[in-house]
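Here's the structure we're looking at; comments come further down.
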Amino acid sequence: MMISSLNLKQAPAAIISCFMLIGSCFPVNAQTKPQADWLLNPTPYKAVIKPSASGKEITLNNGLVKRIFKLSPNLVCTDYTNLVNGQQLLRSVKPEARLTINGKNYNVGGLIGQKENAYLLPEWIDNFSAGKKDFQLKRFEIRTLTPRLNWKSKFWASNHQQPGGQQIDFYYQPGATELAGLEVTISYELYDGLPLIIKSLSIKNKGDQSFKINRVVSEVLGMVEEQSAVVGTPANMAKPQGIYLETNYAFNNAMRYDLSDQTTHWKADSTYTSQVNYDYQTPCLLEIYPDKAPGIDLQKGEIFNSVRTNELLMDSYDRERRGLAIRTMYNTVAPWTTANPIFMHLVSRNDEEVRTTIDQCAATGYEAVILSFGSHCNMEDTSAANIKRWKQLAAYAHGKKVFIGGYSLFSSRRISDEDDVIDPKTGKPGGAFFGNAPCFGSKWGLAYRDKIKTFYAQTNFDIWENDGPYPGDVCASTTHPGHKGLDDSQWQQMEIQKELYHSLHSKGVYINAPDWYFLDGTNKIGIGYREVNFSLPRENQMILNRQNIFDGTWEKTASMSWGFVPLTKYQGGGPEALLEPLKDHLKDYEQLMAQYYGAGVQACYRGPRLYDTETTKQTVIKVINWYKKYRDILNSQIIHLRRADGRDWDGILHVNPNLQTKGMLMLYNPLKQAITRAITIPLYYTGLISTATVQEQEGPAKKYTLSRDYKITCTFTLKPESYTWVQIR
């Protein structure tokens, strides 16, 4: 029996030890009685949204998260509880949103009258009142959750299913007469099997006049503080850790969400006068909004849609468990991120080289070829001759059951004074993230969007590698057709970029983009690496690549990441850095493939060919066949064991309680001598309870008994500068 199937009454010790194991520092509330660890078995947790028997409240509850709203005299959130550990997140009521329209602030929903803001008692709420000029709740609708993006799944993926759940839409009308004609809708999406709620907001102009939407604060929460300090500021005090927040408004090429986020603001709450902090600076007021957006004019009949806020509740401070929660969220709500085709990056000079590489992909089991940067594929050329050329090559690839894609650069390039981003400080081109860059709202930017759409529609290409996507540049131009001026420039450019991704996504195009657009349809981002490191000796590259894999898979899954293996000279380096000629460096070539495929990470094998001799070909086939045989477990969640440091073994563990092979251990010995090591393997997230069968490669199997903390210790001998893999059932 798996731990996930145990009832708390039947086996309290097992469940409690489970929570101790995962490193939870939050108290377990026995009243919540979790049926299962949702990271092992999410099926018991179904989303239910329903009014109370009295009709005075609405409750969102899926067994993992509960959120309660009082409906009158205006809608207000009174309870936000993590049902896994019983943690109450709220200490005070706040408005549902705050809008700045025509330069004035207006609350949406919420109640006023709470005097003590350190905590909230239910009996206080009936004495609160609605603000006269606040947007007032008029009605609500509950419906089954429907997919936001129309994903056409045609690549290998570990999850082809869209998530289930329920959604509630609250409709508001303005209390202020000057806003007559506006309707605000706030939506909450509650998901099956995840402690997750996604909140969004829309504004519809049903009136006869336009409104300037200066700012949209789409979430406001008075949250329990993480840290009480007599002296401190929001900048240096700890933020609440019981919730992870992520919106679809993130960029800056950091390859990490937390460094790309543009919307999360932890602020001091001046109404919280009983806090410990002497200057009332405790960061316990959450507001979600983009700093430099939207700044738009909402015309008659138009609808504005806010950012979408993923609110994922956390039950632990343990880094691995928190990362597993985030990665599981992505696997569920953005299933396209689990697609993971095997691709090669071709540097081509002519069509014949493309055909040759397609043939090599078909012969070795590679599933796609991407025309890399520096190749002769120009997607901005939509002439009939160019479209015909690439349509024929796409047909050739498809005839070999190989997908085809190409590279195109948007940002980090100079176009012209008329089309480049205008720096608001100087009034001249420049000041962009990359120095000079085109504005997506310029004539050139809009034409670029249309050319990409045309190329993919007419050539039947399958993959788009969009380098330098829109990185958040503001533009002070008042002549660009895609935006009016500085105020709306970021929002409108972001909308152009997202619409392009949505369009290609709906046609089944796989998108690699080095920025955080996953929630709007992109599939893969760089795992995080320094390009000049690929000019270092191969032995350095192998260790650095494993460090990149280890570091780059905490908050994103392996399938959301790409690595890099230059087959030819790249960013400098001598013969000691090169893999070409491949036949002369087969051991290194094989291990570079094995450590990427062994992590479930696709690397950009960039060069003119996959193999140069029959022996090289067979080496590639061997690795690809191994990867495909164990593809399901190799694309499962990663448990981080030991980071590569060149001094001793390093390794990772894949886990999946739903597979027959529940664990796959990848071990590496970077040393020039053989080593024998006793390695402790944590098996909690495999779902195994009492025993585990361990088999190194295809060798003999041995049974082990799990310790009380779900671990086993096995001894392995690794050859010099080698790797091995171990199945766990």
Side-chain angles (χ1 to χ4, degrees), residues 49 51-52 56-61 65-81 88-101 104-114 117 120 122 124-125 128-142 166-176 179 182-190 196-204 213-223 243 245 247 263-267 269 271 284-290 294 303-311 313:
I49 301 177
S52 63
K56 295 181 179 180
E57 293 181 332
I58 292 282
T59 298
L60 286 67
N61 190 330
V65 55
K66 178 179 68 175
R67 194 160 180 173
I68 299 177
F69 298 90
K70 190 174 185 294
L71 297 173
S72 178
N74 205 353
L75 188 92
V76 67
C77 181
T78 60
D79 188 331
Y80 200 173
T81 302
Q88 175 61 246
L89 277 71
L90 294 186
R91 56 171 180 80
S92 67
V93 298
K94 295 296 177 184
E96 282 292 283
R98 187 175 67 251
L99 309 178
T100 306
I101 304 173
K104 295 182 179 180
N105 291 332
Y106 301 90
N107 290 333
V108 180
L111 296 176
I112 55 178
Q114 184 173 352
N117 280 265
L120 174 65
W124 295 348
I125 299 172
F128 298 166
S129 60
K132 292 183 179 180
K133 286 205 168 186
D134 295 348
F135 280 79
Q136 307 292 319
L137 177 70
K138 295 301 178 183
R139 60 189 176 92
F140 63 84
E141 295 177 358
I142 300 172
Q166 289 195 317
Q167 176 172 327
I168 186 166
D169 302 318
F170 294 108
Y171 296 87
Y172 298 82
Q173 291 180 355
L179 300 182
L182 289 182
E183 180 183 75
V184 172
T185 305
I186 294 181
S187 301
Y188 289 92
E189 301 166 21
L190 179 66
L196 173 72
I197 293 174
I198 296 182
K199 182 178 182 180
S200 58
L201 177 152
S202 66
I203 307 171
K204 186 173 184 178
I213 309 298
N214 306 97
R215 172 163 289 177
V216 174
V217 182
S218 54
E219 180 64 295
V220 185
L221 291 172
M223 303 199 73
I243 189 169
L245 300 150
T247 73
T263 57
T264 304
H265 304 271
W266 289 105
K267 297 184 174 182
D269 186 350
T271 67
C284 54
L285 175 62
L286 171 69
E287 294 188 351
I288 299 291
Y289 61 89
I303 298 175
F304 166 86
N305 294 308
S306 76
V307 302
R308 292 168 50 80
T309 305
N310 290 39
E311 302 181 9
L313 302 196

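This is a predicted model, so every value here is computed, not measured.
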**OP:** Measure the spacing between CG of Leu89 and CG of Leu313 and express it to the nearest 0.5 Å.
**Re:** 5.5 Å
Original post:
Donor-acceptor pair, Asn74 side chain versus Leu137 backbone, under 3.5 Å?
Top reply: yes
Subject >> Partner residues of Lys104 under the side-chain contact (heavy atoms from CB on, under 4.5 Å) criterion, sequence neighbours left out >> reply: Tyr106
Original post:
Are Thr247 and Asn310 close enough that some pair of their side-chain heavy atoms sits under 4.5 Å apart?
Top reply: no
**OP:** Give a yes or no on whether the backbone of Leu201 and the side-chain of Ser306 come within a donor-acceptor separation of less than 3.5 Å.
**Re:** yes
Original post:
In Å, rounded to the nearest 0.5 Å, how long is the span from CG of Leu182 to CD1 of Ile101?
Top reply: 5.5 Å
Subject >> Contacts of Ile303 that satisfy side-chain contact (heavy atoms from CB on, under 4.5 Å) - sequence neighbours left out >> reply: Ser202, Lys204, Asn305
Subject >> Shortest non-hydrogen separation from Ser200 to Arg308 and the atoms involved >> reply: CB-CG, 4.0 Å
**OP:** Working to the nearest 0.5 Å, report the span between CG of Asp134 and CG of Asn105.
**Re:** 11.0 Å
Original post:
Can you tell me how far CG of Leu75 sits from CZ of Phe69, rounded to the nearest 0.5 angstrom?
Top reply: 6.0 Å
Original post:
Which pair of non-hydrogen atoms, one from Cys77 and one from Arg67, has the smallest distance, and what is that distance?
Top reply: SG-NE, 3.3 Å
Subject >> Flag side-chain contact, heavy atom, 4.5 Å: Ile203 against Ile213 >> reply: yes
**OP:** Go through the steps for Ile186 and Val108 under the test side chain to side chain contact (heavy atoms under 4.5 Å, CB included), then give the verdict.
**Re:** CA-CA 9 Å; Ile186 294 181; Val108 180; 3.8 Å; yes
**OP:** Decide yes or no for Ile197 and Tyr80: does some side-chain heavy atom of the first lie under 4.5 Å from some side-chain heavy atom of the second?
**Re:** yes
Subject >> Pairwise side-chain contact, Trp266 with Leu286, heavy-atom cut-off 4.5 Å (strictly under) >> reply: yes
Original post:
Listed by chain and number, what are the salt bridge (charged side-chain N to carboxylate O under 4.0 Å, His left out) partners of Lys133, not counting sequence neighbours?
Top reply: Glu178
**OP:** List in chain and number order the residues that pass side chain to side chain donor-acceptor pair (under 3.5 Å) with Asp169, two or more places apart in sequence or in another chain; answer none if no residue qualifies.
**Re:** Arg143, Gln167, Ser187
Subject >> With sequence neighbours excluded, residues passing salt bridge (charged side-chain N to carboxylate O under 4.0 Å, His left out) with Glu57 >> reply: none
**OP:** Heavy atoms only: give me the nearest Cys284-Asp269 pair and the separation to one decimal.
**Re:** SG-CB, 4.4 Å
**OP:** Scan Ile168, Ile142, Ile198 and name whichever one has a side chain to side chain contact (heavy atoms under 4.5 Å, CB included) with Tyr188.
**Re:** Ile168
**OP:** Tell me, with the steps shown, if Leu71 and Lys56 meet side chain to side chain contact (heavy atoms under 4.5 Å, CB included).
**Re:** CA-CA 6 Å; Leu71 297 173; Lys56 295 181 179 180; 5.9 Å; no
Original post:
Stepwise, does the side chain to side chain contact (heavy atoms under 4.5 Å, CB included) test hold for Thr185 with Tyr172?
Top reply: CA-CA 6 Å; Thr185 305; Tyr172 298 82; over 6 Å; no
**OP:** Mind checking the CG-CD spacing from Leu196 to Glu311? Nearest 0.5 Å is all I need.
**Re:** 8.5 Å
Subject >> Partner set under salt bridge (charged side-chain N to carboxylate O under 4.0 Å, His left out) for Asp79, not counting sequence neighbours >> reply: Lys66
Subject >> side chain to side chain contact (heavy atoms under 4.5 Å, CB included) assessment of Phe135 paired with Asn107 >> reply: CA-CA 6 Å; Phe135 280 79; Asn107 290 333; over 6 Å; no
**OP:** Indicate the atoms forming the closest heavy-atom contact of Gln88 with Leu90, along with that distance.
**Re:** OE1-N, 3.2 Å
Subject >> Residues forming a side-chain contact (heavy atoms from CB on, under 4.5 Å) with Lys267, sequence neighbours excluded >> reply: His265, Leu285, Glu287, Tyr289
Original post:
With sequence neighbours left out, what residues match Glu183 under side chain to side chain donor-acceptor pair (under 3.5 Å)?
Top reply: Lys206
Subject >> Residue list, side chain to side chain donor-acceptor pair (under 3.5 Å) with Glu141, at least two apart or on another chain >> reply: Arg139, Tyr171
Subject >> With sequence neighbours excluded, residues passing salt bridge (charged side-chain N to carboxylate O under 4.0 Å, His left out) with Lys199 >> reply: Glu96, Glu219
Original post:
For Asn117, which residues count as a side-chain contact (heavy atoms from CB on, under 4.5 Å) partner, sequence neighbours excluded?
Top reply: Arg91, Ser92, Lys94, Gln114, Thr271, Tyr272
**OP:** Could you pull out all residues at least two apart from Ser52 that satisfy side chain to side chain donor-acceptor pair (under 3.5 Å)?
**Re:** Ser54
Subject >> Spacing of CD1 belonging to Ile288 relative to OG1 belonging to Thr309, to within rounding of 0.5 Å >> reply: 5.0 Å
Subject >> Over all atoms of both residues, closest heavy-atom pair of Phe304 and Pro294 >> reply: CE1-CB, 3.7 Å
